[in-house]
Amino acid sequence: YEKSNLEMVDGFFTGAFSYNAGTHEEAVFRGWLMPVAQYYTDNEIISNTLTAGLFALAHLPTNPQPIAQLALGWHLGYITQKDEWRIAEAIFIHTWWDVIAFTASYHFRKKDIASSRFKPVLWLPPFELYF
């Protein structure tokens with residue numbers, strides 16, 4: 001691993017990817033899943049903990065130590081519940097959390113010996129949809 005200078009394309013990708021992840025994940029976890037869990041459990045703490053746990057498990061392929069995601073998920077759930085189920089603040093925090101994390105991962109790159117080029121140190125799991 002070597003340090004590298006960030007390029008404009010890294011910043012564009014980081015911003016776009018972070019916004020996309022923030023809006024979509026918050027819509028699913030805090031906008032849909034947590035109210036459903038709240039309905040069935042009738043308990044804010046249990047629904048928030050359940051949703052935060054699923055949020056951490058969803059990030060397990062890219063982060064084998066999901067304690068940070070568990071804590072972030074619980075905090076975002078708490079904010080959403082206290083903000084009368086509006087997810088705007090959770091989206092804002094999630095997006096900027098990802099911007100910082102992805103920028104740090106782009107700053108340290110893995111050198112590809114075969115092509116003498118740098119590749120970003122960011123692994124994403126395969127995305128599959130089943131209908």
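- Between H94 and H59, the two ring planes are tilted [angle within 30° to 60°].
- The OG1 atom of T95 sits 7.5 Å away from the OH atom of Y19 when rounded to the nearest 0.5 Å.
- Residues L76 and E26 are in side-chain contact: their nearest non-hydrogen atoms beyond the backbone lie under 4.5 Å apart.
- Side chains of D98 and F17 form no contact here, defined as non-hydrogen atoms less than 4.5 Å apart.
- When every heavy atom of G73 is checked against every heavy atom of A52, the shortest pair comes out as C-CB, 3.7 Å.
- Rounding to the nearest 0.5 Å places OG of S18 at 8.5 Å from CH2 of W96.
- Both F29 and Y39 belong to a single network of hydrophobic side chains, linked directly or stepwise wherever heavy atoms of I, L, V, M, F, W or Y lie under 4.5 Å apart.
- The structure places CD1 of I87 at 9.5 Å from CE of M34, a figure rounded to the nearest 0.5 Å.
- A donor-acceptor pair under 3.5 Å links the side-chain atoms of N43 to the main chain of I45, judged by distance alone.
- To the nearest 0.5 Å, the span separating CG on L50 from OG1 on T41 amounts to 7.5 Å.
- Within the model, atoms CD of E89 and CG of D83 stand 5.5 Å from one another, a figure rounded to the nearest 0.5 Å.
- For the pair H24 (side chain) and N20 (backbone), a donor-acceptor distance under 3.5 Å is present.
- Using a distance-only test at 3.5 Å, with no hydrogens or angles considered, no donor-acceptor pair links the side chain of T49 to the main chain of I46.
- Counting Ile, Leu, Val, Met, Phe, Trp and Tyr side chains that sit under 4.5 Å apart, directly or through other members, Y78 shares a hydrophobic cluster with W74.
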Please lay out, stage by stage, how R86 and T80 fare under the test side-chain contact (heavy atoms from CB on, under 4.5 Å). CA-CA 6 Å; R86 288 188 296 266; T80 300; over 6 Å; no

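- Within the 4.5 Å cutoff, the side chain of F55 has no heavy atoms near those of the L70 side chain.
- Side-chain contact between Q81 and R30 is absent, with no heavy-atom pair separated by less than 4.5 Å.
- Of all non-hydrogen atoms in I91 and T23, the two that sit nearest each other are CG2-CG2, 3.7 Å.
- Contact check on K82 versus E44 returns a salt bridge, with a Lys/Arg side-chain nitrogen under 4.0 Å from an Asp/Glu carboxylate oxygen.
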